[in-house]
Amino acid sequence: NLNKALLYETLYSLSSGNEKKAYGLYCDVAAVCSVSQPLFSIMKEVMGVTGLPDTAISSAYNTVRHSFDSYPFNYEILSREDPLFPSSLKDIHFLYLFGNTSLLEGERVTLLGMRGPTEDARLDAVHAVGELKSTGVTLMTTLDTGLDAYISRYAFNQKLRQIVVLASPLHQCVPQTQQDLMVGIANSGLLGLLVSPFAPCRRAQKWFTVPRNDVLAALSRTIVIIEEKDGGPLWKLCAKAGDAGCRIMIANTCASNPLYSYAAAFVRRGTSLYRKNDLKKMFSSAQERKRDKKKDDGQLELF
């Protein structure tokens, strides 16, 4: 996969950042030789497909390779042929991972929210994280400023397993204010996994949130929208994830808020509501649910 990714990023550089053209060239090369070989072993074929001299190809390759080699940590690359690569992801061809990749094999729930959450949303987020912790389900979210970062930090403090999908390469943090959290998750051993669709040679840009959200939608099995404003980007993400077979839930406090007509519209179209303990009920075993029922003494909870 390293050789495949190096070839693709070299072709991307030679194509002046045109993703579609780069992938077309990559497929053309793959049609005439094995792209799992080092580029210099297939230089003749690459020259024939691109029509470029070996000096231009070598120069671009060496720059790309230097960025890959400069990472001081061991990372993994998933290609489209790997079982863990999401089949619904169409325009992204490689994923870069650091941490416990086995978290992608288990059950996971994506919790997302908006930049300026209400107190009700924060409380819903705390309950949802607690339910995932009690059932052993992995959290997936982002480091976006607002509720996402709040959820991730709270989960980190609770030592909950989590997958964070980045809007940057693995060596950068966007936003930079969450760098300590990102480093903490990266160094949490089996508890954390960072996922990025961006190669080491890329530089983070504002539009990176779009492909990041594509990856998030493709990797998600269950998405809970804790809170989102009308017209917010999470509604588009939900629509895309729903088309890929993902279960979508919206927090009841958001859907019942008269300020959020989009949330109410999603519910009218059949999207499930999330209320306290719904995730626990969903992912707990029958035996655990029976035990929890016995514990219920009829007393009201304050929180």
Side-chain angles (χ1 to χ4, degrees), residues 68 70-78 84-86 92 94-115 117 121-122 124-200 202-204 208-209 211-224 226 234 237 279 283:
F68 277 68
S70 66
Y71 273 6
F73 49 84
N74 294 322
Y75 61 99
E76 294 186 49
I77 304 173
L78 292 185
L84 290 178
F85 195 94
I92 293 169
F94 297 93
L95 293 177
Y96 299 84
L97 287 66
F98 179 76
N100 182 8
T101 57
S102 68
L103 295 182
L104 289 175
E105 300 174 6
E107 193 61 70
R108 53 190 179 273
V109 171
T110 303
L111 301 181
L112 301 169
M114 65 184 194
R115 186 181 183 91
R122 292 177 184 270
D124 282 340
V126 168
H127 285 317
V129 168
E131 291 170 45
L132 297 184
K133 174 76 173 178
S134 68
T135 55
V137 174
T138 298
L139 162 72
M140 187 155 64
T141 190
T142 79
L143 295 177
D144 286 357
T145 299
L147 197 57
D148 289 13
Y150 177 84
I151 290 168
S152 180
R153 191 172 293 276
Y154 181 70
F156 176 74
N157 291 336
Q158 294 296 310
K159 293 182 171 53
L160 172 65
R161 294 194 300 265
Q162 66 174 303
I163 301 167
V164 173
V165 185
L166 303 175
S168 64
L170 292 173
H171 67 283
Q172 291 180 275
C173 184
V174 176
Q176 197 168 358
T177 52
Q178 305 303 332
Q179 185 171 354
D180 66 317
L181 175 59
M182 177 178 163
V183 172
I185 295 169
N187 292 327
S188 62
L190 297 178
L191 294 177
L193 174 65
L194 302 179
V195 178
S196 172
F198 307 108
R202 305 287 184 102
R203 292 185 178 182
F208 276 13
T209 56
R212 188 278 310 275
N213 285 352
D214 288 345
V215 173
L216 197 61
L219 286 176
S220 295
R221 294 178 175 175
T222 300
I223 294 179
V224 180
I226 303 296
L234 296 184
L237 185 153
L279 294 176
F283 295 106

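Given the structure is predicted, the values throughout are model-derived calculations rather than measurements.
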message: Filter on salt bridge (Lys or Arg N to Asp or Glu O under 4.0 Å), then keep only pairs touching residues 160-181, sequence neighbours left out; what's left?
response: R153-D180
field: 4.5 Å side-chain heavy-atom contact, T101 and L78
entry: no
query: Of all heavy-atom pairs between L111 and I151, which one has the smallest distance, and what is that distance?
result: CB-CD1, 3.9 Å
message: I want to check something: taking the side chain as every heavy atom from C-beta on, are L104 and L97 in contact at a cut-off of under 4.5 Å?
response: yes
- request: Taking the side chain as every heavy atom from C-beta outward, state whether V126 and Y154 have any atom pair closer than 4.5 Å.
  value: yes
- request: Grab the two heavy atoms, one from F208 and one from S168, that are nearest each other, plus how far apart they are.
  value: CD2-CA, 4.4 Å
task: Output every pair passing salt bridge (Lys or Arg N to Asp or Glu O under 4.0 Å) with a member in residues 128-152, not counting sequence neighbours, ordered by first then second residue.
output: D144-R212
query: Taking the side chain as C-beta and beyond, is there a heavy-atom pair between L112 and T141 under 4.5 Å?
result: yes
task: Mind listing the closest non-hydrogen atom pair of Q172 and R202 along with its distance?
output: OE1-O, 3.7 Å
task: Decide yes or no for V195 and M140: does some side-chain heavy atom of the first lie under 4.5 Å from some side-chain heavy atom of the second?
output: no
Side-chain heavy-atom pair V164, M182 within 4.5 angstrom cut-off: no
query: Below 4.5 Å, heavy atoms only, C-beta onward: do P86 and L95 meet side chain to side chain?
result: yes
field: Close side-chain approach of L191 and N100, heavy atoms under 4.5 Å
entry: no
- prompt: Y96 vs F68 aromatic rings, parallel, tilted or perpendicular, using cut-offs 30° and 60°?
  reply: perpendicular
query: Nearest heavy-atom pair of G192 and L103: which atoms, and what distance?
result: C-CD1, 4.0 Å
- prompt: With distance as the sole criterion, is a donor-acceptor pair present between the side chains of S152 and Q162 under 3.5 Å?
  reply: yes
Chi angles and distances behind the side-chain contact (heavy atoms from CB on, under 4.5 Å) call for T222, F283: CA-CA 11 Å; T222 300; F283 295 106; 4.2 Å; yes
